[in-house]
Amino acid sequence: MDIQRLKGFRDLLPDETPLWQRIEAAAREVFGRYGFEEVRLPLLEETALFCRSIGEATDIVEKEMYTFLDTGGTSVTLRPEGTASAVRSYLENGLHHSETKARHYYLGPMFRRERPQKGRLRQFHQIGAECFGWAEPWADADVLCLLWDLFAALGLSERVRLEVNSLGCADDRRGYVARLREHLTPRQEALCENCRRRLQSNPLRVLDCKSAHCRAATQDAPSLEGSLCGDCAAHFDLVRSHLTAQGLPFAVNHRMVRGLDYYNRTTFELLSGDLGAQNAVAAGGRYDGLVETLGGPPVPALGFALGVERLALLLGTQAAPRAHPDAYLVHRGTGALEAALLLRRGLARAGVRTEVDYEERSFKAQLRSANRSGARLALLLGEDEVAAETVAVKDLAEGTQETVGWDRAASRVAELLASPPTPSAGRDPHPGAPHVQSEKSEGST
RNA sequence: GUGAGUGUAGCUCAAUGGCAGAGCACCGGACUGUGGCUCCGGUGGUUGCGGGUUCGACUCCCGUCACUCACCCCA
């Protein structure tokens, strides 16, 4: 096989898809409870959409996008994130005229050409929510409650921490950036090479540099919160007090800034210590100016996105077992396979999951497979049964067996499946023998 | 884009420079139609790829590719 998957792209196999289905189901459920409706948006957009929204000077736009000319000569880009498309769709479909307020969610793949590492792929998946038309701090807090409830629904509330910050409005940031530059310029010798560059291009990012020297240099820098105007400060106060009233545990992190240009006021991240270097599992914030930037009216908005791969990493591969059949059809002799397939169809239509061998393996091998499959029942079909149009229904948990006619098989199987197996029953000739073979070592450390 | 680590059977891993192995999985048999245990047997390899050193390379050297983690960046 000389063709393999591209770097940073993954195959999701049946040992993981149940976990993803569980995540998606939980998201749909919780989003629905908060009044969010699903939208399905294109993976490919005009390149200009991302340049304008994410920011020309960001790494994403500068060097990480999958951009190419389509045969019509248009520059198109595989979406690196979801918010830009969500806003475009809100505007293009005239929702700002008809409904004005809207709560949308989406899920699907995003593409960034980065060097892969733990929790970072070139095709990765996000579940995102965007909320248009509300400027009030209650909306910020409500969205955070939704996010928190989603993680709680997945049993993760103990393993993540919520950090919030406020970036203020554009005027606040302009003033703050000037003061921050003033503070850092005399200390730029202490900054890492990267941050010395950032001091010119984007001084805010010096705040969340990991280097100890840079952290020290910003230790007693003026705080962003101190630079907020009255309205922004009041907004942030109300968000925090409402989060407290709702009982959400959170910490204010004054160093948290955004990689994307469109955020203002409230920003937040959901972080975990179990994810390696890529420790953010969800992040978002308010972006009141973006709708206008993309050619619409000034519509306030906010949203977030969470990384599905990172969420799956937190939940672990053991969290959702693969489905197993209810019954395994074992056949032997002429006509038995065809009879088994007829029974299988009838059982499938009655809602019973079955498994069957298409090839003629030994009786013993089939029965062994039946056991390993996790099926509760084995349905045995030999030449005698075929001649009599019956099937031997063996309860693998109880060790009991009975013979029923084909016409009654589906209803009898359904009955047996409905009755829970008696805990102490079952034929186990070798007590103490492991029932599960080769326990997989528990996920990553 | 930069750095480090790792590449041997489907999986997990062995093998002082000297015959490429084990466990698990898979298939079969013991037990011609009744399962998890046991025993026996079997299938399965271009040791990532290409060069070099050597009588001889899985092992040492160079290159290359892939994966992993980290930097960077970000969800």
Side-chain angles (χ1 to χ4, degrees), chain A residues 1-2 4-8 10 15 54 58-64 80-83 107 109-110 112-122 124-129 147 192-195 197-198 205 208-211 256-260 268-272 275-285 303-311 313 328 330-333 336 359 361-375 377-385 392 394-397 399-401 426-441 444:
Chain A
M1 175 78 171
D2 55 341
Q4 42 190 310
R5 63 178 185 269
L6 293 168
K7 184 199 289 289
R10 281 219 320 149
D15 59 339
I54 298 171
T58 58
D59 279 14
I60 295 177
V61 171
E62 270 182 2
K63 46 197 183 196
E64 293 174 359
E81 59 110 35
T83 300
L107 45 88
M110 310 289 165
R112 290 181 202 174
R113 199 180 181 291
E114 300 184 273
R115 190 77 173 262
Q117 70 182 75
K118 185 173 183 175
R120 189 171 80 182
L121 291 163
R122 292 183 171 183
F124 61 102
H125 296 76
Q126 289 190 336
I127 300 177
L147 179 59
C192 69
E193 197 184 326
N194 240 310
C195 285
R197 204 174 327 118
R198 285 199 273 238
R205 300 220 47 111
D208 69 350
C209 183
K210 282 174 189 163
S211 146
M256 183 176 71
V257 297
R258 296 275 71 156
L260 283 61
F268 51 86
E269 281 181 4
L270 217 47
L271 304 163
S272 166
L275 287 174
Q278 307 297 315
N279 62 348
V281 63
F304 68 84
L306 63 85
V308 180
E309 281 83 358
R310 294 180 188 182
L311 198 46
L313 230 39
Y328 202 107
V330 177
H331 52 86
R332 177 186 191 88
E359 73 270 44
R361 292 162 68 219
S362 74
F363 194 85
K364 173 176 175 165
Q366 292 184 56
L367 201 45
R368 188 151 46 132
S369 295
N371 265 292
R372 293 180 180 174
S373 74
L377 304 174
L379 307 190
L380 313 181
L381 275 164
E383 285 169 357
D384 293 349
E385 284 83 4
K394 184 178 179 64
D395 190 320
L396 295 168
T400 58
Q401 186 169 326
R427 190 167 65 106
D428 191 351
H430 303 281
H435 282 214
V436 255
Q437 75 283 49
S438 76
E439 197 85 37
K440 244 191 194 170
S441 64
S444 52

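Order of the sequence lines sets the chain letters (A, B, ...), proteins ahead of strands, with each chain counted from 1.
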> For every nucleotide of nucleotides 69-75 of chain B, 5' to 3': is a protein heavy atom under 4.0 Å from its base (B), only from its sugar-phosphate (S), or from neither (-)?
Replying inline: SBBBBBB

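- No hydrogens or angles were tested; on distance alone, nothing pairs the side chain of A:E62 with the base of B:rG1 as donor and acceptor under 3.5 Å.
- Taking CD from A:E114 and CD from A:Q278, the interatomic distance works out to 7.5 Å, rounded to the nearest 0.5 Å.
- With sequence neighbours left out, the side chain to side chain contact (heavy atoms under 4.5 Å, CB included) criterion links A:I60 to A:I54, A:T58, A:E64, A:M65, A:P80, A:R112, A:L260.
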Tabulate protein N/O versus nucleotide N/O from nucleotides 27-31 of chain B, keeping only pairs under 3.5 Å, one per line.
unit_1, atom_1, unit_2, atom_2, d
B:rC27, OP1, A:R361, NH2, 2.7
B:rA30, N6, A:K364, NZ, 3.2

> Which dot-bracket notation, 5' to 3', represents the base pairing of RNA chain B when pairs are defined as Watson-Crick or G-U with both distances under 3.5 Å, crossing pairs as [ ], and inter-strand pairs as |?
Replying inline: (((((((..((((....[..)))).(((((.......))))).....(((((..]....))))))))))))....

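- In this structure, A:L380 reaches the bases: a heavy-atom distance under 4.0 Å links it to at least one base atom across the strands shown.
- Checking side-chain atoms of A:Q366 against main-chain N and O of A:F363 turns up no donor-acceptor pair under 3.5 Å.
- A:E385 comes within 4.0 angstrom of a base, heavy atoms only.
- Scanning for side chain to side chain contact (heavy atoms under 4.5 Å, CB included) contacts around A:R113 gives A:Y66, A:R122, with sequence neighbours left out.
- Counting heavy atoms from C-beta on, the side chains of A:L147 and A:F268 come closer than 4.5 Å.
- Between the CG atom of A:L379 and the P atom of B:rG35 there is a distance of 17 Å, given to the nearest Å.
- Remark: A:E383 engages A:T334 in a side chain to side chain contact (heavy atoms under 4.5 Å, CB included) (not counting sequence neighbours).
- As rounded to the nearest Å, B:rU53 and B:rG21 have P atoms that lie 28 Å from one another.
- For A:R205, the salt bridge (Lys or Arg N to Asp or Glu O under 4.0 Å) test picks out A:D208, with sequence neighbours left out.
- For A:H125, the ring-ring contact (aromatic ring centres under 6.0 Å, His included) test picks out A:W20, with sequence neighbours left out.
- Taking the salt bridge (Lys or Arg N to Asp or Glu O under 4.0 Å) definition, one finds that A:R10 meets it with A:E16, sequence neighbours left out.
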So which protein nitrogen or oxygen atoms get under 3.5 Å of nucleotides 10-13 of chain B's nitrogens or oxygens?
none

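- Take A:K63 and apply the salt bridge (Lys or Arg N to Asp or Glu O under 4.0 Å) test, not counting sequence neighbours, and it matches A:D59.
- In this entry the distance linking OH of A:Y328 with P of B:rG33 reads 16 Å, nearest Å.
- Between the C1' atom of B:rG35 and the CG atom of A:L367 lies a distance of 4 Å, rounded to the nearest Å.
- Side-chain contact of A:S369 with A:R361: a donor-acceptor pair under 3.5 Å is present, judged by distance alone.
- Residues A:F124 and A:L121 share a closest heavy-atom pair of CD2-O, 3.6 Å.
- Every residue two or more places apart in sequence or in another chain was checked for a salt bridge (Lys or Arg N to Asp or Glu O under 4.0 Å) with A:D384, and none qualifies.
- In terms of phosphate contacts, A:K394 brings no side-chain nitrogen or oxygen within less than 4.0 Å of OP1 or OP2 of B:rG35.
- Atom-to-atom, NZ of A:K7 to C1' of B:rG7 comes out at 14 Å; the value is rounded to the nearest Å.
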